[in-house]
> 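A single structure is presented below for examination.
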Protein chains: 2
Amino acid sequence: MSTTANDQGRDEPVRWLDPAEKEAWTGLVSLVYLLPERLEAPLQRECGMSLFEYLVLSHVSEAPERRLRMSELAFLANGSLSRLSNVVKRFERRGWMERSPDPADGRYTLAALTGDGYAAVVAAAPVHVRAVREAALDRLDAEDRAALARVAEKLRVRPVDLA
Amino acid sequence: MSTTANDQGRDEPVRWLDPAEKEAWTGLVSLVYLLPERLEAPLQRECGMSLFEYLVLSHVSEAPERRLRMSELAFLANGSLSRLSNVVKRFERRGWMERSPDPADGRYTLAALTGDGYAAVVAAAPVHVRAVREAALDRLDAEDRAALARVAEKLRVRPVDLA
DNA sequence: TCGATTGACTTCAAGCGTGAAGTCAAAGAT
DNA sequence: ATCTTTGACTTCACGCTTGAAGTCAATCGA
């Protein structure tokens, strides 16, 4: 069913997409589906980790004392708490991360990088950056990149808004 | 590990991201992770289908005689053949699609919508369009939308390139 | 002081995607 | 005519995400 078809009935009329909107939308959908795989493949092949796993490790590596609260980390990595919890559990098994209650407030859990975890993300960073350049950044000019940042800012939703 | 950190060693020097590049990249990553869920939720809740499932049905509904070759459909929906095969198998079980060898060339499989399948996508279309508008299009101006289409064209990779 | 409430986080069963392995039709070579 | 090669597609085991259900710490009200 084309999203430019006629109103199919509902309380308020459906505002179908015009051609320019459809082009933008189709483009966005293709990015959403095709881009992750292109970022994942080199990371999986060369470092044995997914893009999400890389992002998690990367955010923690940049935090003070290389530790973050799980809720903050979930937000930074754009994932759910349950997804993050499963991922960090796997990292604990690999010896890459450790979890502990936050001394300041027991309701929070801190996730910290181990030495092995830090080494893994340091090794993966160049692979990731190379993939990011090849898949995206090097194919865009400054105007494109500015537009991406602008669009993302306008569309971004904080996980709290999903609750 | 920040993607703006120093070279960690490799054959050719790593071209770390500058601040503008990092902002664009961070924005793109958040789109890739957060957008699908916002499109999925209303479709799952109101129509019992995922975004990918909707896209598959939608493309077939727009094809001549509401039938397409699996390879073409996989391309249009931005998914792999094995993913599509699994999805269409589920659609067959629901009574929404049928598969048959292409009479013109037995190497190809045709996927066709049934009456029930067509009704399902017709019902889902307004839900999808509403979600697309709320999550993305209505938050962007014409310049943003043009930029999205342009960026997607530059980054788009056809599935054949992934082989 | 104590019970109720709220929010952070974990767990795990169910469902889905991936990708290697396999099947099959058509094309090409001999 | 027959065998080999190629490409389309399917299958299925494995691993991952989701989200409901549950646990636990801190806060609030009586």
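This is a predicted model, so every value here is computed, not measured. Labels below follow one simple rule: chain letters A, B, ... track the order of the sequence lines, proteins then strands, and each chain is numbered from 1.
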> Measure from CG on B:Asn78 to P on C:dG17 and round the result to the nearest Å.
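In whole Å, C:dG17 P lies 14 Å from B:Asn78 CG.
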> A:Ser85 and A:Arg99: side-chain donor and acceptor closer than 3.5 Å?
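Yes, A:Arg99 and A:Ser85 have a side-chain donor paired with an acceptor closer than 3.5 Å.
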> First and last nucleotide of DNA chain D in contact with chain A, 5' to 3', at under 4.0 Å to a heavy atom: what are they?
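On DNA chain D, the outermost contacted nucleotides are D:dC16 to D:dT27.
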> From CG of A:Leu84 over to P of C:dT11, roughly how many Å is that when rounded to an integer?
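Going from A:Leu84 (CG) to C:dT11 (P), I get 12 Å.
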> Is the closest basic N to carboxylate O distance between A:Glu134 and A:Arg139 below 4.0 Å?
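Result for this pair is no, no salt bridge flagged.
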> Could you measure the distance from the CZ atom of A:Arg145 to the CG atom of A:Leu148? Nearest 0.5 Å is fine.
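Nearest 0.5 Å value for the CZ-CG distance: 9.5 Å.
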> Would you kindly give the CD-to-C1' distance between A:Glu40 and C:dG19, to the nearest whole Å?
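Nearest whole value for this atom pair: 14 Å.
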> Could you tell me whether A:Arg130 and A:Glu46 have a side-chain N and a carboxylate O separated by less than 4.0 Å?
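Judged by the 4.0 Å cut-off on N to carboxylate O distance, A:Arg130 and A:Glu46 do not form a salt bridge.
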> Which residue pairs pass the salt bridge (Lys or Arg N to Asp or Glu O under 4.0 Å) test with at least one member in residues 103-123 of chain B, sequence neighbours excluded?
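Of all non-adjacent pairs touching residues 103-123 of chain B, those that pass salt bridge (Lys or Arg N to Asp or Glu O under 4.0 Å) are B:Asp105-B:Arg107.
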> Report the distance from atom CG of B:Leu155 to atom CG of A:Asp144, rounding to the nearest 0.5 Å.
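If we round to the nearest 0.5 Å, B:Leu155:CG and A:Asp144:CG are 8.0 Å apart.
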> Whole Å only: how far is the OH atom of A:Tyr33 from the P atom of C:dT18?
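These atoms are roughly 10 Å apart.
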> Atom CZ of A:Arg90 to atom P of C:dT11: distance rounded to whole Å?
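It works out to 13 Å between those atoms.
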> Rounded to the nearest angstrom, tell me the gap between atom CZ in A:Phe52 and atom C1' in C:dG17.
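So the CZ-C1' distance, A:Phe52 to C:dG17, works out to 17 Å.
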> Please list, in numerical order, the residues of residues 98-110 of chain B that have a heavy atom closer than 4.0 Å to any atom of DNA chain D.
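Result for residues 98-110 of chain B: B:Arg99, B:Arg107, B:Tyr108, B:Thr109, sorted by number.
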> I need the CD-C1' distance between A:Glu72 and C:dG7, as an integer number of Å.
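It is 16 Å, rounded to the nearest whole Å.
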> Between C1' on C:dT18 and CD on A:Glu37, what's the gap in Å once rounded to a whole number?
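Rounded to whole Å, this separation is 10 Å.
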